[in-house]
Amino acid sequence: MERRTGRWFLIVGLLAMVGVVAWFAWNMVPLDPATQTVRVAAEGAIRTLYLDGTPPSSYAGGPLAESDAAAIKARLSADIAHYFTAPLQARYTPMELAAVDEIPTGLWDTGDLSIAWGPASINGDQATISFDEHETLVRHFGTGADPVTLESTWHVQMSLVRTDGQWRVASYGSDCAPACA
């Protein structure tokens, strides 16, 4: 009986070792360039929507210098044109530019986000990708009230199309992860 138990532990140990080696091999394999390019476009789109419209770090409320507002709007317009298809450009450009006009009224966000990548599928000039996005936003009120930190995690699904050699987001959807704020 001891001999059988010893073999059993040897087999289980070998299987565990193979599993660990396989996990490391899977996670150490370099990402293929096509998937990396789709990830860059997806992250650029998300960062455009959440971070491009923030005022300079020196801004503390009140009137926003015209040059700062113009710079924010120029960056937003350029990045939306770069990362999104024409239908989404038509949707997001007015919305994001209007948000810049609201900064001097006393409400703006700063912060950052991180991404945990999920699977990507690329078929010619079409791609889909999913990922989890964790946001940490600092909401400023411009009224003298202390800023509030808000955190949330979203599961994002995107479809992208390649036009003129550039991947652009064609559709974008997200669901708030459990315990989302």
Side-chain angles (χ1 to χ4, degrees), residues 18-57 68 70-100 103 108-140 147 149-181:
V18 167
V20 167
V21 169
W23 182 86
F24 274 108
W26 178 259
N27 287 298
M28 298 302 189
V29 172
L31 192 60
D32 69 280
T35 299
Q36 182 62 33
T37 303
V38 168
R39 282 184 178 182
V40 166
E43 183 171 357
I46 287 293
R47 289 188 174 278
T48 295
L49 293 179
Y50 289 106
L51 302 174
D52 270 9
T54 61
S57 59
D68 288 338
I72 294 168
K73 288 181 176 185
R75 180 177 61 239
L76 274 166
S77 295
D79 285 351
I80 290 171
H82 182 77
Y83 291 114
F84 294 96
T85 58
L88 289 183
Q89 290 172 30
R91 177 180 175 190
Y92 290 131
T93 301
M95 180 176 68
E96 292 293 320
L97 296 181
V100 175
I103 293 171
W108 74 95
D109 293 333
T110 59
D112 204 356
L113 58 91
S114 61
I115 294 176
W117 294 105
S121 173
I122 302 168
N123 185 7
D125 288 337
Q126 306 284 320
T128 58
I129 191 165
S130 65
F131 53 90
D132 289 332
E133 164 204 345
H134 181 78
E135 300 171 5
T136 303
L137 294 177
V138 180
R139 178 142 299 156
H140 302 268
T149 300
L150 307 168
E151 292 192 50
S152 59
T153 301
W154 297 83
H155 181 67
V156 177
Q157 310 84 34
M158 285 184 175
S159 65
L160 298 94
V161 295
R162 185 172 34 209
T163 53
D164 301 325
Q166 172 68 39
W167 286 104
R168 289 184 173 81
V169 176
S171 70
Y172 163 66
S174 61
D175 299 309
C176 197
C180 184

Student: Please list all pairs meeting salt bridge (Lys or Arg N to Asp or Glu O under 4.0 Å) that have one or both residues in residues 74-93, counting only residues at least two apart or in different chains.
Tutor: Asp52-Arg75

Student: Please name all residues satisfying salt bridge (Lys or Arg N to Asp or Glu O under 4.0 Å) with Asp132, sequence neighbours left out, ordered by chain then number.
Tutor: none

Student: For Thr110, which residues count as a side-chain hydrogen bond (donor to acceptor under 3.5 Å, both in side chains) partner, sequence neighbours excluded?
Tutor: His140

Student: Write out all pairs satisfying ring pair (Phe, Tyr, Trp, His ring centres under 6.0 Å) with one or both partners inside residues 119-139, taking only residues at least two apart or from two chains.
Tutor: Trp117-Phe131

Student: Apply salt bridge (Lys or Arg N to Asp or Glu O under 4.0 Å) to Asp109 and list each qualifying residue two or more places apart in sequence or on a separate chain.
Tutor: Arg139

Student: Before you tell me yes or no, could you show the steps for Val161 and Gln126 under side chain to side chain contact (heavy atoms under 4.5 Å, CB included), namely the whole-Å CA-CA distance, both residues' side-chain angles and the distance that decides it to 0.1 Å?
Tutor: CA-CA 5 Å; Val161 295; Gln126 306 284 320; 3.6 Å; yes

Student: Between Ala127 and Val38, what is the shortest heavy-atom contact and its length?
Tutor: CB-CG2, 4.0 Å

Student: The criterion is side-chain hydrogen bond (donor to acceptor under 3.5 Å, both in side chains); which residues satisfy it with Ser130, sequence neighbours excluded?
Tutor: none

Student: Is the shortest side-chain heavy-atom distance between Ser77 and Leu97 below 4.5 Å?
Tutor: yes

Student: Rounded at 0.5 Å granularity, tell me how far CD in Glu43 sits from CG in Leu113.
Tutor: 7.0 Å

Student: Applying ring pair (Phe, Tyr, Trp, His ring centres under 6.0 Å), name anything that partners His155, two or more places apart in sequence or on another chain.
Tutor: none

Student: Taking all non-hydrogen atoms of both residues into account, name the closest pair between Leu51 and Thr54 and its distance.
Tutor: O-OG1, 3.0 Å

Student: Taking ring pair (Phe, Tyr, Trp, His ring centres under 6.0 Å) as the test, write out the residues that go with Tyr83, two or more places apart.
Tutor: none

Student: Please round to the nearest 0.5 Å and tell me the distance separating atom CD of Gln157 and atom OG1 of Thr128.
Tutor: 10.0 Å

Student: For a quick test of your reading: what N or O donor-acceptor pairs under 3.5 Å do the side chains of residues 162-174 make, sequence neighbours left out?
Tutor:
| residue | atom | partner | partner atom | Å |
| --- | --- | --- | --- | --- |
| Arg162 | NE | Asp125 | OD1 | 2.9 |
| Arg162 | NH2 | Gly124 | O | 2.8 |
| Arg162 | NH2 | Asp125 | OD1 | 3.1 |
| Thr163 | OG1 | Arg168 | NH1 | 3.0 |
| Gln166 | NE2 | His82 | NE2 | 3.4 |
| Arg168 | NE | Ala81 | O | 3.3 |
| Arg168 | NH1 | Thr163 | O | 3.1 |
| Ser171 | OG | Ser159 | OG | 2.5 |
| Tyr172 | OH | Tyr50 | OH | 3.3 |

Student: Please identify each residue that fulfils salt bridge (Lys or Arg N to Asp or Glu O under 4.0 Å) with Arg39, with sequence neighbours left out.
Tutor: none

Student: Measuring from Leu49:CG to Phe84:CZ, what's the distance to the nearest 0.5 Å?
Tutor: 4.0 Å

Student: Sequence neighbours excluded, which residues qualify as salt bridge (Lys or Arg N to Asp or Glu O under 4.0 Å) partners of Asp112?
Tutor: Arg47

Student: To check you understand the geometry: which heavy-atom pair defines the closest contact between Glu96 and Thr48, and what is its length?
Tutor: OE1-O, 4.5 Å

Student: Run the side-chain hydrogen bond (donor to acceptor under 3.5 Å, both in side chains) test against Thr35 and tell me which residues pass, sequence neighbours left out.
Tutor: Asp32

